[in-house]
Structure formats: structure tokens, C-alpha cells
Amino acid sequence: MEDREISDILIRWYEENKRDLPWRRTSDPYLIWISEIILQQTRVVQGLEYFNRFTERFPNVAALAMADEDEVMKYWQGLGYYSRARNLHAAARQIMNDFDGVFPRTREEVLSLRGIGDYTVAAICSFAYRLPYATVDGNVFRVLARLFDIDLSIDGGEGKKYFTALAQSLLDERRPDLFNQAMMEFGALQCVPKSPDCECCPLNGKCLGLAARRVERLPVKSGKTVVKPRYFNYLYIHGQGMTLLSKRMENDIWRNLYEFPLIETECAVTWGELSGMAVFQELFDGIEKVEITREYVAKKHVLSHRVIYPVFYEIRVDSFSESMGKYLKVPDNRVGEYAVSRLIQSYLEVRDGLLF
DNA sequence: AATACGGGGAT
DNA sequence: ATCCCAGTATT
């Protein structure tokens, strides 16, 4: 049968070309889970070190469930999509509470865990338990769209359903783990988004997209994200050896990460405009000595759907006002212990570079 | 069905 | 600049 042939070719290619990665050396569902969450929308090279450090500190479900969320976030610092870390922590506690600390073994139960969706449940169940569920990630969309010359958009629900059924029909149920790994690795290394080397592709004789000269046009995606600007005015307030920090609690970017007290404005503002604002006046109400040590206009911070224009004002005070009580007051030398965004991390590095 | 959610590497 | 990466949750 043709379908089996494709599977065999992919698996043969995989055995010869696969990368040696730590999560491929285990069948521990916990370790596979951690790797899958880290690798969501994240390149292998970027996630590798995070995986090693994370699993060394949290080697099993119990260790993760017992930790404070703040510490989990610290281990996630810089990786992005921080809901993954929050969900990971929540799911570990879910496993302790609902499954007696044993990682669940059925598709339905695994899917009930926070942060695990259609892709990740298939990955965990096939890699750890060899259950016959096809993984459908960005790589699989691309490989299948090209192989079968399908221009159905991969954004919508129809496309997702179609490609999932197609992947499932191709899956070798005797070795779903190998098939899924092979399909994704093939997409990551051979059937790459730009300028794939179709000349040396083991499937070039079967690739309908190649025959139709549409490989570069596939897969089809519809919408592109609109990037909206935001203006962040950070106040690095310190005195008496203490620094003010704030925890982002809103349903917004960087939730549960720390930062300096922030005044967000509708547009770029000068120091004069900022210091004239009511929120600013109230914050420094009653402080005798307020000294602006430095103004730092950081380069714009680009996220997938936001671009942030940050300005940092270093402000030295001789005392802290009443209204600053809503912030954390931490010793200067312990600021580094708090999980922060890349933006804050970058500023901290600049500040340290200017200290001497 | 759209949108929000990070950060970095490749082209 | 643009694309996109072993996606999920919310609206």
C-alpha cells in the first residue's frame, strides 16, 4: 500500500538522520511531557538547555508540584510563552491530586491536564506509551501539504481536521512513536520552510507539491498578526539598599513575572509629561529627596503581536512613600533572584555594565 | 473563527 | 523585514 510506503521511507530516513536528543533517550512520560511543553513554538536548540536545567531541578512530578510557582517561573525565564510554565506547575499539582501522583495513561486523562492540547497529548501518548495517535505540529502541516499538494489553509478548523485525519491515516500503528518522530524530524531537517533541498529528498518521487512546483507556496496560511505598539515607562526606584519590584498579575503579557514599577501610556511621553501625571505624583508623595540618576531609552522590544517602546528611569530616593507599599521592596543584590522578562533582563545587564 | 501569548534564528 | 518554530487557552 502506498501509505505504508511513505511511512517506511520516513522512518528509514529518520533512523539515518535523526538528532541525538535527551528526550529521545527516555520513555518517562514526565520527561517527555516537559520536553513537549518546552518545544511548543520553540526551536530545539533554544529549548535544549532549558530542558536540562529544568529536569535537573524538577526531576519528577512530585518535585515540580512541591515547588513554588515563582521558582518554576525563574527556570522558565527568557523562554517566552510563560503560561506554559504556569500550566506545567498547575498540571503537576493536578497529577498529585487527581491521579495519585502517577502520570495518567489514557488520552482523555492526559488531555485533561492544563496546557496539554491535541498535539501534546498525541506526542506524550505515542512516545511514552506507544498509543496510535498522530502528532500534528507545524512540521507535519508542511510535510503533508507539500506531499499531497493541499492548499487548504492550516489556520482554520477545517484545515486542522483535514490534516489530522491525513496524518492519522498515514500513521504506522505498529510503531506510532517512530512514525511521529520521523514525520516531525523530516519537517524540521529536510522539508524545511524555505528552500528545501528537494533534489536529495527521499520522497521527491511521490511529492505532488514538487511535481506541481508549489513546494515554496505550501502550506497556505491565511491571516498575519497585527502588531500593536505599547509604551512602557519603567521606574527603577531604589534607596537605602532596596529596590522596588512589581509582580504582573493582570491577564496580559509576562503574567506572574516581576518588573519595575510601570506606568504605561497611550503614546511616547517625555520625562516632563510622565512626572506630571497624577499616578506619578501620588507615588512620590511625601518624599523629600528624589533624584533622577539616569534615563535609558531601550531599543524597541518586538514580540509576535506587540512592539514595546520602553524607557527606564533610574530614580534614587532617600525614603519610600506610603503609596509605594503596593510594591515589593527587595535588597538590591537580590533582584536577580526574581523571574523577569527578557526586556527587564536586558536592562539589568545594561545597568550592571554601567556600574563601574 | 480570531486573537493573545515570547523570544530567537534563518532567510 | 518576514516567517515560523514538536501549540494552547481564551474570547
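Given the structure is predicted, the values throughout are model-derived calculations rather than measurements.
Judged as a salt bridge (Lys or Arg N to Asp or Glu O under 4.0 Å), and not counting sequence neighbours, Arg217(A) has no contacts. Under the side-chain contact (heavy atoms from CB on, under 4.5 Å) criterion, Glu71(A) pairs with Arg57(A), Phe58(A), Ala67(A), Tyr75(A), sequence neighbours left out. Remark: Lys161(A) engages no residue in a salt bridge (Lys or Arg N to Asp or Glu O under 4.0 Å) (not counting sequence neighbours). Taking Phe320(A) as the reference, nothing meets the ring pair (Phe, Tyr, Trp, His ring centres under 6.0 Å) condition, with sequence neighbours excluded. Partners of Tyr313(A) according to the ring pair (Phe, Tyr, Trp, His ring centres under 6.0 Å) rule, which considers only residues two or more places apart in sequence or in another chain, are Trp271(A). Not counting sequence neighbours, His305(A) has no partner by the ring pair (Phe, Tyr, Trp, His ring centres under 6.0 Å) test.
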Going by atom type alone, with no hydrogens or angles, which donor-acceptor pairs under 3.5 Å involve a side-chain atom of residues 107-117 of chain A and a protein atom two or more places apart or on another chain?
| unit_1 | atom_1 | unit_2 | atom_2 | d |
| --- | --- | --- | --- | --- |
| Glu109(A) | OE1 | Thr106(A) | OG1 | 3.2 |
| Ser112(A) | OG | Glu109(A) | O | 2.6 |

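Applying the ring pair (Phe, Tyr, Trp, His ring centres under 6.0 Å) test to residues at least two apart or on different chains, the pairs with a partner in residues 85-124 of chain A are Trp33(A)-Phe103(A). Residue pairs meeting the ring pair (Phe, Tyr, Trp, His ring centres under 6.0 Å) criterion with at least one member in residues 125-147 of chain A, sequence neighbours excluded, are Phe141(A)-Phe163(A).
For Trp76(A) and dG7(C), the CH2 to C1' distance is 12 Å, given to the nearest whole Å. When the C1' atom of dT8(C) is taken as reference, atom NE2 of His89(A) falls 19 Å away, rounded to whole Å. We find that CD of Glu216(A) is positioned 13 Å from P of dC3(C), with the value rounded to whole Å. We find that CD1 of Ile37(A) is positioned 9 Å from C1' of dG7(C), with the value rounded to whole Å.
Across all strands shown, Trp23(A) has heavy atoms under 4.0 Å from base atoms, whether or not it also approaches the sugar-phosphate.
Within a heavy-atom distance below 4.0 Å of DNA chain C, no residue of residues 152-166 of chain A is found. Only at 4.0 angstrom or more do the heavy atoms of residues 110-145 of chain A sit from any atom of DNA chain B, so none qualifies.
The same atom, C1', is picked in dT3(B) and in dA6(C); the two are 22 Å apart, to the nearest Å. Taking the P atoms as reference points, dT8(C) lies 22 Å from dG8(B), given to the whole Å. Between dC4(C) and dC5(B), the distance separating the two C1' atoms is 15 Å to the nearest Å.
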With B for base contact, S for sugar-phosphate-only contact and - for none (protein heavy atoms under 4.0 Å), nucleotides 3-11 of chain B reads -SBBBBB--
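Using a 4.0 Å cut-off between charged side-chain N and carboxylate O, Arg248(A) and Glu259(A) make a salt bridge.
Mapping Leu21(A) and Lys300(A) onto DNA chain C via the closest heavy atom, the residue that lands nearer the 5' end is Lys300(A).
Between the side chains of Thr265(A) and Asn233(A), at least one donor-acceptor pair of N or O atoms lies under 3.5 Å.
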